[in-house]
Amino acid sequence: MSFATEFDSLPLSTLLHRAATASTAAARASLDRATPELADFAQLLSPGAADLLEPLGRRARRLTQQRFGKVIRLFAPLYLSNECINNCRYCGFSRDNPILRVTLTVAEARREAEALLAQGFRNILLVSGEHPKFVSHSYLAECVAALHESTPSLSLEIGPMETDAYRPLVRAGAEGLVVYQETYDRGTYAEMHTSGPKRNFAWRLETPERGYAAGFRRLGIGALYGLADWRAEALCVAAHALYLLRHCWKASLTISLPRLRPCAGEFQPLTRMSDRELVQLVCAFRVLFPDVGLVLSTRESPRLRDGLVPLGITLMSAGSHTEPGGYTGVGQDKLHRTERGRVVGLGASEWAGNGSPAHATEQFHIADNRPAHEVAERIRGLGYEPVWKDWDAALTP
Ligand code: SF4
């Protein structure tokens with residue numbers, strides 16, 4: 001049974017009731033259980049559990065150090081293209097946004113990767129919008145093959161594909177596949193995804209399974225917090241993770257916790273999750289999943305990121321750019337708008353506004369602008385070791 005089928009029979013309303021109403025005493029009992037279950041996780045998300053942040057943090061810290069050591073792995077996103085055929089109301093790359101677009105050539109992607117390698121990164125996440133005309137399957141395979149020569153660990157965050165379409169990417173050297181459901185609330189999902197193939201909720205939900213069948217050995221999932229109730233989203237992410245741990249057990253799993261950031265289109269979050277609630281969620285995930293990697297991006301402020309280092313986060317992006325060419329400026333000579341799939345050239349004023357060359361539009365504004373070496377230094381200062389490489393591949397027989 002796929003997760004999409006299992007998802008429909010989850011007792012979500014019961015779990016959500018626990019997450020909304022559990023008392024501090026009930027949450028304490030869940031925290032004290034040796035092997036917490038999904039119902040305990042629900043209680044650890046409750047407002048009642050907010051009073052237990054200190055003991056929750058202590059358990060999360062202890063588990064993280066036991067399973068992962070005092071180590072934070074670093075990675076960087078490398079955006080290949082900001083072309084997209086979908087309209088997602090919360091995303092700057094949405095098809096109908098009149099933004100500056102570009103798709104890097106394979107050589108340009110290599111230059112971006114070289115810049116990241118020179119900074120020390122060995123773990124790169126290739127990111128792209130979904131557009132068959134500009135971002136073909138063969139183009140993606142060429143990029144992976146070109147970068148695999150120099151980059152020990154490559155993952156992909158791209159439009160969902162069929163299992164057979166993923167196989168050449170795995171053969172070319174991609175190890176990881178990241179796909180966020182964005183929201184697990186079907187109604188909100190339909191409202192947010194107004195056109196394009198991404199409207200198909202179940203197709204996206206089953207993507208990690210297809211990726212696993214194709215041979216990816218690292219899977220990343222998550223929800224985008226700010227679209228629907230955060231406790232409901234977290235419960236669905238946890239149920240999804242439990243399913244993947246049972247059915248895709250040869251893969252290592254990561255969960256990301258992105259909160260919505262400002263972007264082109266000026267979409268405002270529909271729901272709120274406070275910093276304190278994010279801390280509670282990180283700790284609750286760690287307690288339910290002692291061995292699952294937890295990912296934090298530069299969407300969060302330096303202060304919050306630093307504070308979350310000891311509490312359960314194991315993987316962080318650093319020094320990120322969320323536009324193609326962001327690290328070296330490559331691709332600036334090809335900037336354009338895209339209308340109905342056709343490339344439209346820029347006028348002189350758009351090309352060099354304010355006297356400086358234009359650059360491709362970013363997906364969202366980041367909140368932690370520190371260069372990667374500064375983030376690494378801070379991690380060291382906190383008593384943790386920043387690791388630039390994902391060593392899973394070396395440990396996998
Ligand atoms: S979220 Fe992804 S699919 Fe949606 S518009 Fe942005 S890049 Fe395209």
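Just follow the structure's listing: the first ligand is 1, and inside any ligand the first atom is 1.
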Taking only heavy atoms of S94, which atoms of ligand 1 are found under 4.0 Å from at least one of them? 5 (S)
Can you tell me how the ring of F3 sits relative to the ring of H240, calling it parallel under 30°, perpendicular over 60° and tilted otherwise? parallel
Side-chain heavy atoms of D229 within contact of L16, under 4.5 Å: yes
Heavy-atom distance under 4.5 Å between the side chains of F201 and Q181, does that happen here? yes
Option set G129, P197, G159, criterion heavy-atom distance to atom 7 (S) of ligand 1, minimum: G129
How far is atom 8 (Fe) of ligand 1 from its nearest protein heavy atom, and which residue and atom name does that atom have? C84 SG, 2.2 Å
If you take all heavy atoms of L74 and A376, which pair is closest and at what distance? CD1-CB, 4.2 Å
Please work out, at 4.0 Å between heavy atoms, whether the side chain, the backbone, both, or neither of K198 comes within that distance of ligand 1. side chain
heavy-atom search around atom 6 (Fe) of ligand 1 in the protein gives C91 SG, 2.3 Å
Any donor and acceptor pair, going by atom type alone, linking the side chain of R101 with main-chain N or O of V343 inside 3.5 Å? no
Contact flag C88/atom 4 (Fe) of ligand 1, N/O/S atoms, threshold under 2.8 Å: yes
